[in-house]
Every structure is written in structure tokens, then in C-alpha cells.
Amino acid sequence: MSESKDFLRLKVEEDLASGKYTEVITRFPPEPNGFPHIGHAKSICINFGIARDYAGQCNLRMDDTNPTTEDTKYVEALKDAVTWLGFNWHGKVRYASDYFPKIYDYAVQLVKMGKAYVDSLNEEEIREYRGSVTEAGRRSVYANRSIEENLDLLERMKKGEFKDGEHVLRAKIDMSAANMKMRDPLLYRIRHAHHFRTGDEWCIYPMYDFAHCLSDYIEGVTHSICTLEFENNRDIYDWVLDALELTPPRPYQHEFARLGINYTVMSKRKLLELVNGGYVNGWDDPRLPTIAGYKRRGYTPESIINFCEQIGIAKANSMVDVAQLEFCIRDDLNQKVPRVMCVLDPLKVTIENYEGEEEIEASYYPHDVPKEGSRKLPFAKEIYIEREDFMENAPEGYYRLTPSQPVRLKHAYILTCKEVIKDENGAIVELKATYHPDSKSGADTSGIKTKSAIHWVSAKHAKHIEVRLYERLYKVDAPDGLEDLNPDSLHVNTHALIEPAVISEKIDVRFQFERQGYFYADPIDYTDAKPVFNKIVGLKDSWAKKSEAPKNTPKVEAKKAHIEGDVAPMNDEEKARFESYTKSGLNAEIANTLARDEKLSSFYDATLLHVNSPTSIANIVANEVARELKKELPLHFTAQDVAELVKMLDEGVISSKIAKEVFEVMLQTGEKPHAIVESRGLKQISDPAVIEPLIDEIMAKNPENVAKYQAGNTNLFGFFVGQVLKLSGGKANPNVVNELISKKLNHG
RNA sequence: UGGGGUGUCGCCAAGCGGUAAGGCACUGGUUUUUGGUACCAGCAUUCAGGGGUUCGAAUCCCUUCACCCCAUCCA
């Protein structure tokens with residue numbers, strides 16, 4: 001199966017192919033009022049990705065229409081994010097505020113056209129007048145102001161003659177619109193506030209719904225891609241551009257589902273709360289799903305982009321498993337990063353039969369990573385191993401060091417435990433061990449088989465580092481508020497010991513600490529005196545899974561019982577129709593469908609006048625015609641046309657498959673059924689002598705499917721029927737085809 | 001309750017009347033001086049439920065249910 005395209009790309013291709021646009025222009029339009037998170041990364045990948053794929057351009061535009069929440073520091077963060085991800089915006093960074101003069105002119109024009117008015121209701125009244133989802137709103141008395149008065153007021157609003165909230169400019173649309181957004185939406189509000197770019201030049205600011213579509217238009221954007229919650233706003237988007245009667249081409253809005261990831265939050269409000277409340281250490285806290293956070297943690301842009309590609313683009317609200325993101329960063333780093341040894345929880349081991357010290361040449365990369373490079377690993381009498389790599393009473397399946405089980409020291413020798421030393425509390429404080437001189441890595445003649453190799457560092461040569469270990473920020477998969485925060489999301493380990501080359505050679509900033517995970521030299525806090533590493537992500541650990549998970553709570557959620565709701569009762573008229581339909585032999589379902597729909601039933605009645613074939617007509621009307629009627633577009637066919645089609649169907653001139661094809665053509669061209677059948681030679685073929693060779697041909701072409709079918713895969717039956725039908729140009733009588741195929745497949 | 005959307009494996013997601021793609025997760029096995037990686041195998045007789053149309057339905061029709069968005073002078 002080839003790669004499938006998402007619905008946005010499909011739409012772009014369609015628009016390019018139809019000539020609607022000659023080039024594609026997209027834009028990434030964030031509001032600079034917070035740090036971008038991985039949801040923005042998804043949007044960035046979509047907008048810049050589409051522009052790249054279709055040789056178009058993508059603009060970076062700050063949607064800075066609300067001076068009270070926006071700031072230039074967020075602009076920088078946004079630019080950083082796009083750049084870090086590896087995208088280049090077209091030309092300069094754009095700002096909606098650049099277009100304020102033009103947008104104001106458009107507002108004046110709308111007023112002149114009588115399509116916008118200055119309202120002087122207060123905020124509370126406006127809310128009240130808007131009505132509710134079930135009740136229509138009422139229009140303000142101020143909507144009757146003359147164009148001259150509106151023009152005057154708007155100009156004085158702009159000049160700053162009024163206080164905040166005294167007036168607003170509204171579109172004159174429909175206060176009883178079912179879409180609440182269309183109830184005379186606000187276009188401009190007065191805000192005597194300092195804007196981070198335009199300063200005090202303006203005291204009225206356009207609302208999102210007015211500024212956004214116009215900004216898109218001004219930039220020549222073709223596809224204005226946003227998230228699902230703006231679906232209702234699309235009507236305003238279209239209204240504004242239509243009302244202004246702008247010269248084409250104009251942009252169209254398309255919506256996709258925003259990204260959700262479990263165990264974290266993505267809303268700006270909640271992120272801001274975490275940062276401002278000190279629950280995390282700034283916007284770039286590695287536990288945050290912000291781009292800055294991932295960057296600080298050590299994620300690569302490649303891994304984030306790959307993640308965005310993997311999760312796809314669709315319209316279903318979804319919550320992606322963090323495991324998918326973790327897979328992406330592991331997958332990326334596995335091929336790139338040097339392996340080194342670091343002991344996080346040291347247990348001292350004294351090798352009693354080793355004296356002096358030596359340096360072991362050790363490759364930075366495992367055999368399956370095609371990269372070159374090695375470092376010198378000091379080895380001596382005293383080493384540290386990971387505390388959890390030794391067990392005095394090990395369970396079945398434990399591969400590491402025990403009093404009776406030797407283990408290989410990675411890159412070095414095999415070690416056998418001789419004595420366990422404990423403190424007064426019984427805690428293990430040290431191991432006495434011996435090494436096998438003839439077991440050196442690469443030159444092992446000892447013949448000893450070990451079950452695993454563990455990491456270690458030389459006590460004398462190891463360096464102290466700080467390691468910051470991160471757990472998920474929230475303890476529940478769908479966190480709501482601060483109460484869901486994981487209190488143990490950050491562990492600072494200051495007693496970790498690392499092999500010296502990492503500090504002295506610094507061949508990279510990201511490493512795999514063998515058997516533990518991927519780590520990143522913190523770009524801010526790392527100093528030579530005090531090296532600091534962030535844990536990016538752990539390695540997969542199938543041993544931990546096996547040993548620690550003693551049957552996770554099965555939590556087999558019983559499937560919720562499906563409750564069948566009541567069907568709306570029929571009124572008397574519908575009941576009468578239903579009765580008469582069932583009496584004439586229609587099945588209850590079809591009779592029900594027709595009876596409940598005035599338009600359908602009258603179409604059915606009209607068709608019946610031309611040909612007396614109730615069942616066939618009813619089926620085609622209740623199914624095919626119903627679909628067309630739903631579209632609320634003018635019909636290109638009449639009851640008589642349908643009657644003609646039914647007659648051919650009843651007489652066996654055409655099969656039901658052909659009937660659908662003919663109906664399709666009727667829809668498109670308005671041709672008469674007979675003419676369609678004649679001109680395309682669609683008469684059904686029922687002669688076995690004609691059909692049989694077709695079947696033979698298909699069977700000969702697909703021997704493995706024949707074998708599979710005969711081995712029991714009866715699903716394949718449909719495949720053969722489909723192929724034969726296709727080969728016959730859709731004309732073979734399906735009943736005959738079925739019969740013949742069945743005979744050949746089962747007895748041939 | 002009006003309007004707008006969405007329901008395909010544990011999580012994403014293709015599919016557009018003719019063999020239910022793919023990724024993550026999971027489960028076995030092989031390789032391995034990382035319990036990593038890589039490789040092999042397994043993992044939806046069924047597409048939210050119920051009907052209908054059709055030789056054939058995840059796809060078309062009817063209907064029910066569930067979830068999300070909309071009543072900021074936010075975006």
C-alpha cells in the first residue's frame with residue numbers, strides 16, 4: 001500500500017488541479033501570548049509542510065490583535081520554534097498589526113455598504129441580546145443608525161473620543177442565526193492599551209474574526225488551515241470576504257483536530273498557570289510539552305517532525321499516547337548518539353585480585369550503528385556498578401551479578417562476586433569480587449558464559465555529575481488541573497558517576513548512558529565544574545516490565561450497554577402515508593423513510609404515476625433520490641426519468657449496478673436514462689458463454705488468490721466478482737457472474 | 001434543547017460499493033558483550049448500535065447512541 005495523503009493535501013491537490021489557484025500559500029498564524037507547544041509544532045508541520053510539498057510559500061504571521069495579552073518575548077519564542085524545527089517562513093515575519101490601516105478601511109467600506117454598524121449597548125446587554133443556543137437573539141436599537149452616523153461614530157472611536165466599552169463595531173448579519181457566531185459578530189472594540197508593536201497609535205482593535213480572514217486575503221493565502229474549534233467561525237470568515245466583494249482569488253478555511261497527548265496539558269491557560277505558579281521552572285522546563293521544553297530536554301527537531309508525521313491529520317478529536325513520541329526520539333537517537341557508561345546509583349566493588357590500572361579502548365557505538373569512534377576507558381581495582389545490577393537473592397530470570405552468577409563488565413572482564421559487605425542495618429555497602437584475567441573483552445579465552453554485561457566506572461577516574469530525571473508531569477492520563485500533578489516528576493541525582501571521557505572529550509551533547517537511556521548536556525546549567533545532564537528518555541526495559549509489573553489491574557472496561565432512544569412519533573399525515581405504503585407491499589423501513597419525508601413521498605407518488613412498480617421505485621427513491629434531495633441543490637432529473645430507469649431495471653435490461661451508474665450520469669449531465677444506456681452501451685450481459693472467458697482470465701491472472709480462496713479464505717469471493725465485473729465494464733450480470741464463479745472456484 | 005463536527009484494534013490512522021493499509025503499544029521467537037537495536041511471527045470475520053438498499057456495504061439510505069465545539073468587547 002502506498003502512502004496515503006491527508007485530507008488537507010487532497011484538498012490542495014484538488015484546488016490546484018481545478019485551477020482554483022495556481023500556487024499554494026499557507027500561513028502559520030499564532031497569537032504571541034504564550035510559548036508554543038507541540039500542538040503548534042503539528043500546525044507548523046502542516047502549514048510549512050504543505051507549502052514545501054506543493055512548491056508554495058508559508059508565511060509566519062503574528063495574530064497580534066489583542067494588545068492586553070501579547071508580548072514581544074512570545075514573538076521570539078515563536079520564531080525560535082519555527083526555526084528550530086527547520087522551517088523558513090517566506091519573507092519577513094508578518095503581523096496582523098501591519099494591516100491595521102487596511103483592515104480599518106475595510107471596516108469603513110462595510111459601514112458604507114450598510115453591512116456594519118456601531119452598537120452602543122454595554123457588554124452585559126450585548127450578551128443578553130445575543131440570546132442562547134435555543135433562543136434567537138434580538139437586534140440592538142442602535143443597528144438602525146444611519147450610515148452617516150455610523151461612519152462618524154467609527155471615526156470618532158478611532159480618534160479616541162470614547163472610553164473602553166462605550167461602542168463597538170458589529171457586522172449586520174442575523175441575530176437569529178442558528179450559528180451563534182453569526183449573531184452580528186463584533187468587528188472592532190475600543191481598547192486604550194499599549195500595543196507591543198503599534199504602541200499608542202490605535203485605540204480600536206479588530207477582533208479575530210475580522211482581522212484573520214482579511215489578513216489571509218491581504219497575504220494572498222489560499223488555504224487557511226486552523227483547528228476544529230474554529231469551525232463555527234468559518235461562516236463569518238466567508239461572510240466578511242463575500243460581503244466586501246473582494247477581487248478573487250480569496251482564501252478558504254479548513255479545519256483539523258488539534259493535538260492532544262496523554263499525561264500532559266496543552267492549553268495555553270494551563271501552561272501559563274504552571275509557569276506563573278512556579279509548578280515548573282519556566283517555559284523551557286523539560287517536563288513541559290512546550291517546544292522550548294523539548295529542546296531543553298534534548299529532543300531533536302527531527303524526532304518532533306517525525307512524530308507529527310506519524311500521528312497524521314484528521315478531524316477526530318484524539319489523544320495520542322506519549323509512547324509514540326518517546327518512540328520517535330529513541331528511534332532518532334539510536335542511530336546518532338555515542339554510548340557511554342554512567343552509574344546512577346553506585347555500589348562499590350573491590351576487585352581483590354586486580355592490581356594497578358589499565359586503559360581499555362572502547363567503541364562509542366555498538367556493532368549495529370555504522371559510526372566510528374572510541375575512547376579510553378580506565379579500569380582499576382575499585383569500581384562502581386549500578387546497585388540494581390547486583391542481587392543477593394535473585395529471582396528466576398535475573399541475568400545480572402549474584403553471589404553465584406558471574407557477569408561481564410561491559411568492554412572489560414568477567415567478574416565473580418566473592419563477598420557481600422553490609423552495614424549494621426543490613427544494607428549492602430560493598431562487594432568483594434575477583435576478575436578473570438583471561439576474559440578480557442575481545443580476547444576472552446576463559447570459556448565462561450555470562451548472561452549479561454553490565455556498565456561500570458572506575459572509582460578513581462569517574463567524574464561526579466548531576467543528572468536530572470524526569471517523570472511524567474501529571475499522574476493521570478487525562479489531567480484536568482493542578483490536583484493531577486505528579487509530585488515526583490523531577491528527581492535530581494547528584495551522586496551519579498560517569499566515565500571521564502564524556503567530560504574531557506565532549507564529543508557530543510547527547511549520549512546514551514548504556515542500558516539506561518538518552519541524556520543531554522543541559523545547555524544552560526552545564527559547567528565544567530558541575531556537569532548537568534537531562535534525561536531525555538529511557539531505553540525500553542523489558543526486564544522491568546517482566547519483573548515489576550505483577551499483572552497490571554486488568555481493568556477490562558465493560559462495554560457500555562447501548563441505549564436505544566425513542567423514535568419521534570409520526571403525525572397523522574405521516575401515519576396515513578405509512579399505512580398506504582405498507583399496504584402496497586413496501587417493507588416497513590422503506591415505507592417509514594418515505595412516509596416521514598414530505599419531499600420524498602411526493603417524489604415517490606409522482607414516479608408511481610409513470611410506472612406501476614412500487615417496490616423498485618420506493619427502493620431507488622428512499623436511497624438514491626434521498627441522498628440528492630439532502631444536498632438541497634436543484635435536481636437534474638424528474639420523476640419521469642426515474643420511472644424510465646426503474647422500467648429498464650425491472651425488465652432486466654440493466655443490472656442494479658448499472659442503474660446506479662446511470663443515475664450518477666443523470667445527476668451530472670441531466671441526460672435521459674435511455675440515452676445514457678444507448679450511448680454507452682450499458683446493456684447488461686447475461687450470456688454465460690460471454691462471461692465465462694472473463695472469469696477464466698481473472699482466475700489465470702490471480703493464481704495465488706485462487707489458492708487462498710480454496711484454502712478457506714472465502715472473503716476473496718467478492719474480489720473475484722469485482723474483478724470480473726470490472727473487466728466486463730460493469731455490464732456482466734452479477735447474478736450470473738456469482739453463479740459461474742462459485743461453480744469454477746469450488747469445483748475447478 | 002438549536003447549530004456545527006466526529007465515531008474503523010489499547011492509542012493514532014488509511015479506506016470514498018468488490019481481499020479491513022500502516023505506525024505506536026502489546027505477545028512470542030532469532031541475533032546481540034546494552035534485558036537496547038535489528039529481524040521474523042502474532043495481534044479487527046469486522047468498522048458506535050439497530051434496520052434497509054445491493055449479487056456484494058466500513059463505504060449508499062433511515063434511525064438510535066456517545067463524545068467534542070459554539071451564548072469573551074479572547075484567539
Side-chain angles (χ1 to χ4, degrees), chain A residues 1 3-4 31 33 63 65-66 69 123 126-127 130-135 137 164-165 168 177-181 183 186 188-191 207-209 212 228-235 255 257 262 268 310-312 314-321 323-324 327 330 334-335 339 366-369 399-400 408 410-411 441 444 450-455 512 514-516 539-544 546 560 562-567 587-590 592-593 596 619-620 622-624 626-627 655-657 660 705 708 713 715-723 725-726 733-735 737-739:
Chain A
M1 292 293 141
E3 283 273 296
S4 49
E31 184 191 10
N33 69 344
D63 218 346
T65 57
N66 184 359
T69 56
E123 201 170 337
I126 287 179
R127 211 187 341 269
R130 191 144 37 215
S132 72
V133 289
T134 49
E135 299 159 59
D164 285 11
V168 290
N179 178 356
M180 297 282 300
K181 297 266 179 197
R183 322 253 255 228
L186 274 61
Y188 265 98
R189 78 287 215 186
I190 301 170
R191 275 259 215 288
M207 302 290 291
Y208 165 84
D209 283 309
H212 200 90
L228 246 30
E229 65 271 27
F230 291 99
E231 274 173 326
N232 294 322
N233 300 253
R234 189 175 58 225
D235 283 346
E255 311 87 10
N262 57 13
K268 274 188 193 171
Q310 282 187 12
I311 57 175
K315 297 192 74 162
N317 285 317
S318 55
M319 181 82 90
V320 178
D321 195 334
Q324 186 107 24
F327 167 82
R330 280 193 204 105
N334 176 47
Q335 288 298 313
R339 271 60 168 180
H367 63 93
D368 50 1
V369 171
Y399 295 166
R400 287 104 101 151
R408 158 142 252 132
K410 176 95 182 175
H411 294 123
S441 188
D444 184 359
T450 56
K451 287 203 170 106
S452 70
I454 64 171
H455 58 280
Q512 184 195 107
E514 289 236 30
R515 304 207 301 134
Q516 306 201 99
L539 255 28
K540 277 179 74 174
D541 190 348
S542 55
W543 165 245
K546 230 180 272 178
K560 275 185 206 155
H562 177 85
I563 298 153
E564 209 55 29
D566 293 332
V567 179
N587 77 40
E589 191 63 31
I590 297 282
N592 186 49
T593 303
R596 282 171 181 279
N619 285 344
I620 213 161
N623 289 289
E624 317 304 315
R627 177 174 61 247
S655 64
S656 64
K657 187 186 180 74
K660 292 200 179 181
N705 278 348
K708 273 199 228 164
N713 187 350
N715 275 351
L716 251 20
F717 194 82
F719 163 77
F720 288 109
V721 177
Q723 290 295 306
L725 248 32
K726 195 171 164 193
N733 180 331
N735 288 309
V737 172
N738 267 281
E739 201 176 306

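To find a chain, count down the sequence lines: A is the first, B the second, and so on, and within it residues start at 1.
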Requested in this report: Give A:I311 one of three labels, base, sugar-phosphate or nothing, depending on what nucleic acid heavy atoms sit under 4.0 Å from its own.
Outcome: sugar-phosphate
**Report entry** Whole-Å gap separating C1' (B:C12) and CG (A:D321)
**Finding:** 9 Å
Requested in this report: Using the C1' atom as the reference point in each nucleotide, state the distance between B:C73 and B:C12 in Å, no decimals.
Outcome: 39 Å
Query raised in the report: C1' atom, B:C60 versus B:C70: distance in rounded Å?
Result: 31 Å
**Report entry** Where protein sits on nucleotides 3-8 of chain B, one letter per nucleotide: B base, S sugar-phosphate only, - none, heavy atoms under 4.0 Å
**Finding:** BSSS--
Query raised in the report: Taking atom P in both B:G51 and B:A13, what distance in whole Å separates the two?
Result: 29 Å
Query raised in the report: With sequence neighbours excluded, what pairs up with A:E564 under the salt bridge (charged side-chain N to carboxylate O under 4.0 Å, His left out) test?
Result: none
Query raised in the report: Counting side-chain heavy atoms from CB outward, which of B:G18, B:A75, B:A25 is closest to A:F327?
Result: B:A25
Requested in this report: Using both distances under 3.5 Å as the test, list the Watson-Crick or G-U wobble partner of B:C67, or none.
Outcome: B:G5
Report task. Return the 5'-most residue of the pair A:F720, A:V168 with respect to RNA chain B, ranking by each residue's nearest nucleotide. Result -> A:F720
Query raised in the report: Hey, is the main chain of A:R330 close enough, under 3.5 Å, to the side chain of A:N334 for a donor-acceptor pair?
Result: no
Requested in this report: Identify, with sequence neighbours excluded, every residue that meets side chain to side chain contact (heavy atoms under 4.5 Å, CB included) alongside A:K726.
Outcome: none
Query raised in the report: In whole Å, what is the span from the NZ atom of A:K268 to the P atom of B:A75?
Result: 10 Å
Query raised in the report: Does A:N587 place a side-chain N or O at less than 4.0 Å from the phosphate oxygens OP1/OP2 of B:U53?
Result: yes
Query raised in the report: Mind checking the C1' distance from B:G42 to B:U6? Whole angstroms is fine.
Result: 32 Å
Query raised in the report: Looking at the side chain of A:N735, which of B:A14, B:C55, B:C70 is the nearest nucleotide?
Result: B:C55
Requested in this report: Determine the contact category for A:K657: base if any of its heavy atoms lies under 4.0 Å from a base atom, sugar-phosphate if only primed atoms, P, OP1 or OP2 are that close, otherwise nothing.
Outcome: base
**Report entry** d(CD, A:Q723; C1', B:G56) in whole Å
**Finding:** 14 Å
Query raised in the report: Is there a side chain to side chain donor-acceptor pair (under 3.5 Å) between A:N592 and A:R596 once you walk through the steps?
Result: CA-CA 6 Å; A:N592 186 49; A:R596 282 171 181 279; 2.9 Å; yes
Query raised in the report: Parallel, tilted or perpendicular: which describes the rings of A:Y208 and A:F230, with under 30° parallel and over 60° perpendicular?
Result: tilted
Query raised in the report: Taking everything shown except A:E739 itself, do over 12 heavy atoms lie less than 6.0 Å from its CD?
Result: no
Query raised in the report: Does the B:G23 base have a donor-acceptor partner in the side chain of A:Q324 within less than 3.5 Å?
Result: yes
Distances for protein N or O near nucleotides 40-42 of chain B N or O, under 3.5 Å:
none

Report task. Check salt bridge (charged side-chain N to carboxylate O under 4.0 Å, His left out) between A:K315 and all other residues, then give those that pass, not counting sequence neighbours. Result -> A:E231, A:E255
Query - Gap between atoms CG and P, on A:N733 and B:G56 respectively (whole Å) - result: 13 Å
Query raised in the report: Is a side-chain N or O of A:R515 found less than 3.5 angstrom from the main chain of A:L539, in a donor-acceptor match?
Result: no
Requested in this report: Measure from CD1 on A:I190 to P on B:C74 and round the result to the nearest Å.
Outcome: 12 Å
Requested in this report: Tell me what A:T69 touches on the nucleic acid: a base, only sugar-phosphate, or nothing, going by heavy atoms under 4.0 Å.
Outcome: nothing
**Report entry** Whole-angstrom distance between B:A71 and B:G56, as gauged at atom P
**Finding:** 48 Å
**Report entry** Gap between atoms CG and C1', on A:D164 and B:U72 respectively (whole Å)
**Finding:** 15 Å
Report summary line: Sorted by chain and number, sequence neighbours left out, salt bridge (charged side-chain N to carboxylate O under 4.0 Å, His left out) with A:R127 holds for none
Requested in this report: State which of B:A75, B:C24, B:C73 makes the closest approach to the side chain of A:T65.
Outcome: B:A75
Requested in this report: State which residues pass side chain to side chain contact (heavy atoms under 4.5 Å, CB included) with A:Q310; sequence neighbours excluded, sorted by chain then number.
Outcome: A:N306, A:Q324, A:F327, A:C328
Requested in this report: Give the nucleotide from the list B:A14, B:U54, B:A75 with an atom nearest to the side chain of A:A314.
Outcome: B:A14
Report task. Using side chain to side chain contact (heavy atoms under 4.5 Å, CB included) as the criterion, list what pairs up with A:S318, not counting sequence neighbours. Result -> none
Query raised in the report: Are the side chain of A:R189 and the backbone of A:G165 linked by a donor-acceptor contact shorter than 3.5 Å?
Result: no
Report task. Would you classify A:D63 as touching base, sugar-phosphate or nothing, given that sugar-phosphate means primed atoms plus P, OP1 and OP2, and contacts are heavy atoms under 4.0 Å? Result -> sugar-phosphate
Query raised in the report: With the sugar-phosphate defined as primed atoms, P, OP1 and OP2, and the base as all remaining atoms, what B/S/- string results for nucleotides 60-65 of chain B, 5' to 3', for protein heavy atoms under 4.0 Å?
Result: SBBSBS
Report summary line: Testing B:U53, B:C55, B:A75 for proximity to the side chain of A:N619, the answer is B:U53
Query raised in the report: Rounded to whole angstrom units, what separation is found between the CG atom of A:N715 and the P atom of B:G17?
Result: 19 Å
Query raised in the report: With A:K268, which residues qualify under side chain to side chain contact (heavy atoms under 4.5 Å, CB included), at least two apart?
Result: A:E31, A:N33, A:H40
Query raised in the report: Syn versus anti for B:U72, judged by chi lying within 90° of 0?
Result: syn
Report task. For A:I126, report the nucleic acid contact type (base, sugar-phosphate, nothing); a contact means any heavy atom under 4.0 Å. Result -> base
Query raised in the report: Out of B:C70, B:C55, B:A75, which nucleotide sits closest to the side chain of A:N738?
Result: B:C55
**Report entry** Distance, C1' atom - from B:C24 to B:A14, rounded to whole angstrom
**Finding:** 15 Å
Query - Reading 5' to 3' through nucleotides 26-37 of chain B, protein heavy-atom contacts under 4.0 Å coded B for base, S for sugar-phosphate only, - for none - result: S-----SBBBBB
**Report entry** Candidate nucleotides B:C55, B:A21, B:C12, ranked by approach to the side chain of A:S318 - the nearest
**Finding:** B:C12
Report task. Mind checking A:S132 for me? I need base, sugar-phosphate or nothing, with any heavy atom below 4.0 Å counting as a touch. Result -> base
Query raised in the report: With a non-hydrogen cut-off below 4.0 angstrom, is A:Y188 in contact with a base, only sugar-phosphate, or nothing?
Result: nothing
Query raised in the report: With rounding to whole Å, what would you report as the distance between B:C26 and B:U64 at their P atoms?
Result: 42 Å
Report task. Looking at every strand, decide which applies to A:V133 at a 4.0 Å heavy-atom threshold: base, sugar-phosphate, or nothing. Result -> base
Requested in this report: Please report, rounded to the nearest Å, how far the C1' atom of B:U19 is from the CZ atom of A:F719.
Outcome: 7 Å
Query - By salt bridge (charged side-chain N to carboxylate O under 4.0 Å, His left out) - contacts of A:D541 (at least two apart) - result: none
Query - Audit row: A:E514, A:H411, side-chain contact (heavy atoms from CB on, under 4.5 Å) steps and yes/no - result: CA-CA 12 Å; A:E514 289 236 30; A:H411 294 123; 4.1 Å; yes
Query raised in the report: B:U53 and B:G17: how far apart are their C1' atoms, nearest whole angstrom?
Result: 12 Å
Query raised in the report: When you measure from the side chain of A:S452 to the backbone N and O of A:Y399, does any donor-acceptor pair fall under 3.5 Å?
Result: yes
Query raised in the report: So what does A:L725 touch, heavy atoms closer than 4.0 Å: a base, only the sugar-phosphate, or nothing?
Result: base
